[in-house]
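Worksheet for the structure shown next.
Keep in mind the model is a prediction, meaning the values are calculated, not measured.
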Amino acid sequence: MKGLKKADIKKICEEENIKYIRMMFTDMLGMLKNVEIPVSRLDDALNNEVMFDGSSIEGFVRIYEADMFLHPDLDTFLVLSWEDGTYGKVARFICDVYRPGENGEHIPFDGDPRGILKRNLEHMEKLGFKAMNCGVEPEFFLFKLDSKGNPTLDFNDNGSYFDLAPVDCAEDCRRDIVLELQHLGFVVEAAHHEVATGQHEINFKFDSAIEACDNVQTFKLVVKNIARRHGLHATFMPKPVEGIAGSGMHVNCSLLDKNGKNAFYDESTDNKLSEVANKWISGILAHAKGFCLITNPIVNSYKRIVPGYEAPCYISWSDSNRSTLIRIPAARGMKTRTEVRSVDACANPYLAIAAILRAGLDGIEGNCKMAPAIYDNLYKMTEEERLAIGVESLPANLHEAILAFNKDEVIKEAMGEHTVHKMNVAKELEWNEYHRHVSEWEINKYIKRY
């Protein structure tokens, strides 16, 4: 609810019988966290006086720097209608994270993902742009729960693209998710079964960059909670099942100029794309390897971006070719946008949007080589043929993504020194753990042979 003042929030809490407040924030890995307070501490929350131990949060601070403050964004105040209201309703704020300064003041924390995105938006504004609009398309799977409430890999439907019940047995669950999102103020544009068995997509209206990321975090929370009510587990894991399509989170972006017009649209060109749009595309392509660790952050991410499925693994763009990393949807005018198709929903949305933004801005600043559009099916070309037309591949695994990230000074600067260090530590640990693991595939492949 935008435009709320402190007095408005107090009034709503009284009228709605709010008894509990969740002070939400996001850690480096994209996990939504919260500090829970009774409504009797609402004044403390509104005065930025709620503290928490940052040393317990992934990617935050060391134990001797533990005290941190939560500054609620009043526009994100929301009554959580799906929560149990037996003893009163529950509301939430999404918060920015601050640390104490030497003189008692609160200083924005370098490693706060929401703050990192804000910092990159300030860079955008200095280049003369008014806003960044983002529309995201997160896909997810629904699996059955076992008798103990643990997730299985058993599907509850046999559906495919756009199927209906009874083939799509998750139709009721998906509808309830949509109804809950609408109750919370989401403008839902479409909901449907996706290509793979058990896979779904719900699209909601674009928003400014910060609000779009806040919406992603709220969306995930709603999907998981409503799914559990139906005896299902919702997962945004990119590739939970071998041999079928994986789940992505396509990111649609556009920039508005200082007059509020879409900076990517130019009526005078053949494809109606402006010079700004072409430079923006050049920046994203130039830094696609470097930001892959941010947009595709887990070991499993790289099981999705492989040849043979719709997920792009080749660094290229087109206005009609779905084998490319960037696609330009057909709409023009104020709806002109780039669709970055490699991103998956395990990405921290704030960091992913910050990385894409900074990459595109580097192109706009004239630092990246322009690339021609690709209209051939890249999946049917050999590696030699792709390289001959200047099309390289995304990192093939998390280790390659780590190496590419550390070579990209623009993306590292966008993330900030603190997050670069913490991300390297976390992802090296993850890769080494995976690298040491002896999988079922290896046992089946080798135990009898050798």
(Q) Within this structure, what is the CD-CG distance for the pair Glu383 and Leu378, rounded to the nearest 0.5 Å? (A) 12.5 Å
Q) Tell me, do Leu70 and Phe52 make a side-chain contact under 4.5 Å, heavy atoms counted? A) yes
Q: State, with a plain yes or no, whether a side-chain heavy atom of Thr26 is found less than 4.5 Å away from one of Tyr350.
A: yes
Q: Indicate, with yes or no, if the rings of Phe93 and Phe77 have centres closer together than 6.0 Å.
A: yes
Q | Minimal non-hydrogen separation, Phe25 against Cys95, with atom names | A | CB-O, 4.0 Å
Q. Counting N and O atoms only, with roles assigned by atom type, does the side chain of Trp317 sit under 3.5 Å from a partner on the main chain of Ala371, one being a donor and the other an acceptor?
A. yes
(Q) Can you confirm whether Val216 sits close enough to Pro138 that some side-chain heavy atom of one is under 4.5 Å from a side-chain heavy atom of the other? (A) no
Q) Listed by chain and number, what are the side chain to side chain donor-acceptor pair (under 3.5 Å) partners of Ser316, not counting sequence neighbours? A) none
Q: Answer whether the closest heavy-atom distance between the side chains of Leu29 and Ile298 falls below 4.5 Å.
A: no
Q.
As an exercise, state the distance from CG of Asp154 to NZ of Lys144, rounded to the nearest 0.5 Å.
A. 6.0 Å
Q: Determine yes or no for a side-chain-to-main-chain donor-acceptor pair under 3.5 angstrom, with Asn120 supplying the side chain and Ala414 the backbone.
A: yes
Q: Report the residues that fulfil side chain to side chain donor-acceptor pair (under 3.5 Å) with His71, sequence neighbours left out, ordered by chain and then residue number.
A: His106
Would you be so kind as to tabulate the donor-acceptor pairs closer than 3.5 Å made by side chains of residues 443-450, with sequence neighbours excluded?
residue	atom	partner	partner atom	Å
Asn444	ND2	Glu440	O	3.3

**Q.** Lys89/Glu16 ion pair, N-O < 4.0 Å
**A.** yes
Q: Please confirm whether the backbone N or O of Ser342 pairs with a side-chain atom of Asn296, one donor and one acceptor, at under 3.5 Å?
A: yes
Q: Kindly say whether Asp96 contributes a backbone atom to a donor-acceptor pair with the side chain of Asp112 at under 3.5 angstrom?
A: no
Q. Is there a donor-acceptor contact under 3.5 Å from the side chain of Asn367 to the main chain of Gly363?
A. no
Q. Does the ring centre of Phe155 sit less than 6.0 Å away from the ring centre of Phe143?
A. yes
Q.
Regarding Asp319 and Asn271, do their side chains bring together a donor and an acceptor under 3.5 Å, going by distance alone?
A. no
Q. Taking the side chain from Arg386 and the backbone from Met381, do they hold a donor-acceptor pair closer than 3.5 Å?
A. yes
Q. Hey, does the side chain of Asp146 reach the backbone of Asn150 with a donor-acceptor pair shorter than 3.5 angstrom?
A. yes
Q) Should Tyr302 and Asp344 count as side-chain neighbours, where that means a heavy-atom distance under 4.5 Å? A) no
Going by atom type alone, with no hydrogens or angles, which donor-acceptor pairs under 3.5 Å involve a side-chain atom of residues 232-246 and a protein atom two or more places apart or on another chain?
residue	atom	partner	partner atom	Å
Thr235	OG1	Met237	N	3.1
Lys239	NZ	Ile244	O	2.5

(Q) Side chains of Cys213 and Leu117, heavy atoms from C-beta outward: is any pair under 4.5 Å? (A) yes
Q) Measuring from Leu351:CG to Met28:CE, what's the distance to the nearest 0.5 Å? A) 8.5 Å
Q: State, with a plain yes or no, whether a side-chain heavy atom of Arg228 is found less than 4.5 Å away from one of Lys224.
A: no
Q.
Classify the ring geometry of Trp431 against His399: parallel below 30°, tilted from 30° to 60°, perpendicular beyond 60°.
A. parallel
Q) Closest heavy-atom contact between Trp280 and Ile356? A) CH2-O, 4.1 Å
Q) Looking at Arg114 and Asp73, does any basic side-chain N land under 4.0 Å from a carboxylate oxygen? A) yes
Q. Under 3.5 Å, is there a donor-acceptor pair between the side chain of Arg174 and the main chain of Glu201?
A. no
Q | Note: Glu430-Lys427 ion pair, threshold 4.0 Å (strictly below) | A | yes
**Q.** Donor-acceptor under 3.5 Å (Arg332 side chain, Pro329 main chain)
**A.** yes
(Q) Please determine whether a side-chain nitrogen of the Lys or Arg among Lys412 and Glu417 lies less than 4.0 Å from a carboxylate oxygen of the Asp or Glu. (A) no
(Q) Around atom NZ of Lys335, are there more than 12 heavy atoms from other residues, nucleotides or ligands closer than 6.0 Å? (A) no
Q | Shortest non-hydrogen contact from Ile315 toward Leu285 | A | CG2-O, 3.4 Å
**Q.** Side chain proximity check, Phe405 to Ile294, heavy atoms < 4.5 angstrom
**A.** yes
(Q) Please give me the minimum heavy-atom distance between Asn262 and Ser254, naming the atom from each residue. (A) ND2-CB, 3.9 Å
Q. For Glu428, does its backbone N or O pair with a side-chain atom of Glu433 as donor and acceptor, under 3.5 Å?
A. no
Q: Would you check if there is a donor-acceptor pair between the side chains of Asp207 and Asn133 at a distance under 3.5 Å?
A: no
Q. Would one find more than 12 heavy atoms of other residues, nucleotides or ligands at under 6.0 Å from atom OH of Tyr434?
A. no
Q: List for me each residue that meets side-chain contact (heavy atoms from CB on, under 4.5 Å) alongside Leu179, sequence neighbours excluded, and say none if there are none.
A: Arg175, Asp176, Gln182
(Q) Determine whether Lys118 and Ile210 satisfy the following criterion, side-chain contact (heavy atoms from CB on, under 4.5 Å), listing intermediate values before the conclusion. (A) CA-CA 8 Å; Lys118 286 184 175 181; Ile210 292 290; 3.6 Å; yes
(Q) Using the rule given for side-chain contact (heavy atoms from CB on, under 4.5 Å), can you reason through Val50 versus Phe69, listing the C-alpha separation, both sets of side-chain angles and the distance that settles it, and then say yes or no? (A) CA-CA 6 Å; Val50 174; Phe69 293 91; over 6 Å; no
(Q) Checking Val39 against Tyr20 for the side-chain contact (heavy atoms from CB on, under 4.5 Å) test, could you report, in this order, the C-alpha distance in whole Å, the side-chain angles of both residues, the deciding distance, and whether it holds? (A) CA-CA 5 Å; Val39 74; Tyr20 206 58; over 6 Å; no
**Q.** Contacts of Glu413 that satisfy side-chain contact (heavy atoms from CB on, under 4.5 Å) - sequence neighbours left out
**A.** Arg358
